[in-house]
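Each remark here refers to the structure printed beneath this line.
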Amino acid sequence: MLTQLYIHNIAVIHKASISFTGGFNVFTGETGAGKTVLVSAIDMVLGERTSRDIIRSGEDKALVSALFEGVSPKASEILERQGYPGSDGSVLITREITAAGKNNCRINGMPATVGILREIASALISIHGQRDSGRLLSPEQHIALIDAFGGLGGLFAEYRESYGNYRRIKSELLGLAMDDAQKARRIDMLTFQVQEIEAAQLDVDEENTLVSRRKAIRNSGRIREGLAGGYAAITGDDDSPGISELFGQLADGVSEAARFLGQMEPLSLRLEEIGYEIEEAGAEIRRAIDELEFDRHELDDIESRLDIIYNLKKKYGANIPAVLAFCQNAAEELEGLLGSEAKAQRLEQAAAAAESEATRLAAELSEKRLAASEAFITAVEGELAYLDMPDVKLSVSCRRTDLGAGGWDAIEFYVTTNIGEPPGPLSKIASGGEIARMMLAIKNVLADRDGVDTMIFDEVDSGVSGRAAGKIGAKLRQASQGRQLICVTHLAQVAACADSHLYIYKEVEGDRAFTKVEALSGEGVFRELARITSGDLITEAAIENARALWEFGHSNQ
């Protein structure tokens with residue numbers, strides 16, 4: 001259950017630290033004091049969408065932290081799965097938002113995301129307010145209530161997975177559906193492209209090799225002249241000695257000197273090695289001259305081959321690897337088109353099987369929804385009778401639709417509020433006060449099925465007064481047995497039934513308003529009940545009436 005709530009810079013609340021007990025906790029206070037802000041703060045710490053406008057004026061950030069103790073096994077399992085091991089069954093959740101729109105979320109001191117907060121919150125707290133009354137008017141929400149009451153979550157998840165598989169196969173099958181003429185044209189084009197590229201027998205390094213060879217052929221005369229000049233410089237001619245002969249004379253002279261001058265020995269050895277390299281260079285140049293042959297037709301062949309490569313690049317890619325990749329993709333698409341008929345047949349069979357399975361599960365889900373609806377009506381009408389609505393009769397309209405994400409059922413609640421009147425849609429028949437009590441009745445019926453230990457009701461008694469208000473208070477007190485219930489209310493009849501009473505009030509300090517929370521007990525509770533009933537004029541008689549109201553509220557167990 002929620003044991004501590006700390007709020008900093010949320011709307012009119014500068015700082016507030018609130019302790020909660022088990023059983024029935026109630027908030028009261030003047031209109032505008034900040035009661036609903038407390039629920040908004042809890043929404044924020046549990047990961048709900050929050051506007052930065054909630055930050056107190058003049059501040060750059062807001063923070064809410066909530067401590068839960070004795071969390072349920074379901075909540076512990078979610079914490080463990082998300083990597084947040086529990087500590088003695090407690091969990092501390094903190095969320096900070098800044099004026100720049102940044103979120104800082106932590107669970108037991110470890111970083112978390114808003115999405116993780118929402119998942120964990122589903123097992124910690126169930127919040128109900130006037131917006132839930134609005135949801136109750138929407139037929140789209142009615143089927144979810146029946147599923148929750150009937151415990152059909154597992155079956156619905158199985159159906160949803162099966163239906164999703166059917167939709168996926170149908171989508172893939174639709175992607176194969178192509179006009180025959182369009183398919184034939186595409187096959188012809190892909191066939192031509194693949195054959196054209198494959199016929200060229202491209203090699204990845206071929207273009208660079210051809211360009212280098214073309215450059216050599218175009219400059220063959222200069223190459224031959226350069227090699228011949230170099231060879232002549234090494235070997236010499238009849239009129240002058242070459243580098244090889246002159247260098248040999250140098251090496252011989254130094255070698256002779258080294259016989260008598262030891263320090264010249266290293267130089268003599270180096271010159272001898274250089275002499276060998278000069279001789280090898282001459283031999284290599286000679287071989288190059290001998291091998292220097294250029295076929296006059298070779299250049300034409302190279303130019304022709306480069307033209308083929310250029311044309312392929314212009315159509316299929318910036319370079320040879322890109323052209324080859326295009327060819328591979330085209331070949332795969334061609335293979336897919338040529339085999340699409342066989343694949344389509346396989347998908348048709350798979351789609352039929354998937355549709356059959358989804359239909360089977362939809363039928364099973366529909367049958368169990370019908371059974372759950374009957375039990376749901378009986379349970380809710382029993383709750384409504386206690387809440388002074390004995391003449392209200394609830395019915396469920398269930399009609400079959402096309403197979404969809406929720407099955408094939410369209411469910412809507414119908415209600416008769418007065419004897420002798422025909423049933424009509426809930427959204428058109430019930431008043432605001434009746435809707436509030438119906439919502440409370442439904443939440444009570446579902447309370448034991450959600451596995452959540454803490455329930456929060458935000459002005460669930462809106463539009464209700466008198467005897468009905470007392471019945472709501474008694475029902476809330478009854479619902480708090482074995483769990484924690486927190487309620488924001490304007491009604492003394494409801495507040496009188498609480499185990500713990502928290503008073504919210506606003507004070508002005510300087511030029512700023514500050515909302516504060518005070519835990520009431522004893523005479524403080526009676527004075528607050530008297531204020532709610534009588535206004536600011538609190539007499540001894542009003543306090544005695546409040547005391548009697550409190551005693552009556554606590555006598556209805």
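Here the structure is a predicted model, which means the values were calculated and not measured.
Taking each heavy atom of Ala492 and Thr533 in turn, the nearest pair found is CB-OG1, 3.4 Å. Of all the heavy atoms in Ile7 and Ala41, the pair that sits closest is CD1-CB, 3.8 Å. In terms of heavy-atom proximity, Ala474 sits nearest to Cys497 at N-SG, 3.8 Å. When all heavy atoms are compared, the tightest approach of Leu529 to Ala546 is CB-CB, 3.6 Å. Of all heavy-atom pairs spanning Ile377 and Leu394, the tightest one is CG2-O, 3.2 Å. Between Ala441 and Leu384, the shortest heavy-atom contact is CB-CD2, 3.8 Å.
A distance of 9.5 Å separates CD1 in Ile93 from CG in Leu67, rounded to the nearest 0.5 Å. Here the CD-CZ distance, from Glu172 to Arg167, works out to 13.5 Å after rounding to the nearest 0.5 Å. To the nearest 0.5 angstrom, Asn25 atom CG is 6.5 Å from Phe20 atom CZ. From Gln478, atom CD reaches atom NZ of Lys471 across 11.0 Å, with rounding to the nearest 0.5 Å. In this structure, Arg483 CZ and Met455 CE are separated by 5.5 Å, a value rounded to the nearest 0.5 Å. Interatomic distance, Glu158 CD to Arg360 CZ, rounded to the nearest 0.5 Å: 6.5 Å.
Between Arg118 and Glu48, none of the side-chain N atoms (NZ, or NE/NH1/NH2) sits under 4.0 Å from a carboxylate O, so this pair counts as no salt bridge. Under 4.0 Å is where a charged nitrogen must lie from a carboxylate oxygen, and between Glu551 and Arg547 no such pair does. The residues Lys506 and Glu30 are annotated as not salt-bridged, no charged nitrogen and carboxylate oxygen being separated by less than 4.0 angstrom. With respect to Arg81 and Glu119, a salt bridge is recorded, a charged nitrogen being found less than 4.0 Å from a carboxylate O. Between Arg477 and Asp499, at least one side-chain nitrogen of the basic residue sits less than 4.0 Å from a carboxylate oxygen of the acidic one, meeting the salt-bridge criterion.
Counting heavy atoms from C-beta on, the side chains of Ile169 and Ser171 never come closer than 4.5 Å. Taking 4.5 Å as the limit, some side-chain heavy atom of Ile10 sits within range of a side-chain heavy atom of Met44. Side-chain contact check for Leu63 versus Ile97: every heavy-atom pair is 4.5 Å or farther apart. Between Val114 and Thr50 the shortest side-chain heavy-atom distance does not fall below 4.5 Å.
In summary, of the residues considered (Leu46, Ile107, Val45), a side-chain contact (heavy atoms from CB on, under 4.5 Å) with Leu117 occurs for Ile107 alone. No option in Leu2, Val71, Thr454 other than Val71 meets the side-chain contact (heavy atoms from CB on, under 4.5 Å) test with Leu124.
Between the Ser534 side chain and the Ile538 main chain, no donor and acceptor come within less than 3.5 Å of each other. Looking at Ser555, its side chain does come within 3.5 Å of a backbone N or O of Phe552 through a donor-acceptor pair. Under a 3.5 Å cut-off, the side chain of His8 and the backbone N or O of His14 do form a donor-acceptor pair. Judged by distance alone, with hydrogens and angles left aside, the side-chain atoms of Ser373 form a donor-acceptor pair with the main-chain N or O of Arg369 at under 3.5 Å. Using a distance-only test at 3.5 Å, with no hydrogens or angles considered, no donor-acceptor pair links the side chain of Asp147 to the main chain of Leu152.
Glu528 and Thr28 are linked by a side-chain donor-acceptor pair at a separation below 3.5 angstrom, with hydrogens and angles left out of the test. Under the 3.5 Å distance criterion, with hydrogens and angles disregarded, no donor-acceptor pair is assigned to the side chains of Arg95 and Asn104. A donor-acceptor pair shorter than 3.5 Å cannot be found between the side chains of Ser72 and Asp453. Using modelled atom types, one finds no donor on one side chain facing an acceptor on the other under 3.5 Å when comparing Ser521 with His501. Checked by atom type, the side-chain pair Ser19/Gln4 shows a donor-acceptor distance below 3.5 Å.
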* To do: Go through the steps to decide whether Leu491 and Ile532 satisfy the test side-chain contact (heavy atoms from CB on, under 4.5 Å), and finish with yes or no.
  => CA-CA 7 Å; Leu491 298 179; Ile532 297 173; 5.8 Å; no
* Determine, stepwise, if the pair Tyr6 / Leu92 fulfils side-chain contact (heavy atoms from CB on, under 4.5 Å). => CA-CA 11 Å; Tyr6 175 75; Leu92 176 65; over 6 Å; no
* To do: Carefully, step by step, assess Met438 and Val392 under the rule side-chain contact (heavy atoms from CB on, under 4.5 Å).
  => CA-CA 10 Å; Met438 285 183 188; Val392 172; 3.7 Å; yes
* To do: Starting from the C-alpha separation in whole Å, work towards a yes-or-no answer on side-chain contact (heavy atoms from CB on, under 4.5 Å) for Tyr84 and Ile116.
  => CA-CA 10 Å; Tyr84 302 95; Ile116 291 175; 3.9 Å; yes
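When the shell of 6.0 Å around CD of Glu161 is examined, it contains 12 or fewer heavy atoms from other residues, nucleotides or ligands.
Using cut-offs of 30° and 60° for the angle between ring planes, the Tyr163 and Tyr166 rings count as tilted.
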Which atom pairs, one a donor and one an acceptor, fall under 3.5 Å between side chains of residues 395-402 and the rest of the protein, sequence neighbours left out?
unit_1: Thr401; atom_1: OG1; unit_2: Trp408; atom_2: O; d: 3.3

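With sequence neighbours excluded, the residues forming a side chain to side chain contact (heavy atoms under 4.5 Å, CB included) with Ala498 are Phe24, Val26, listed by chain and number.
For Phe413 and Phe376, the gap between ring centers is short of 6.0 Å.
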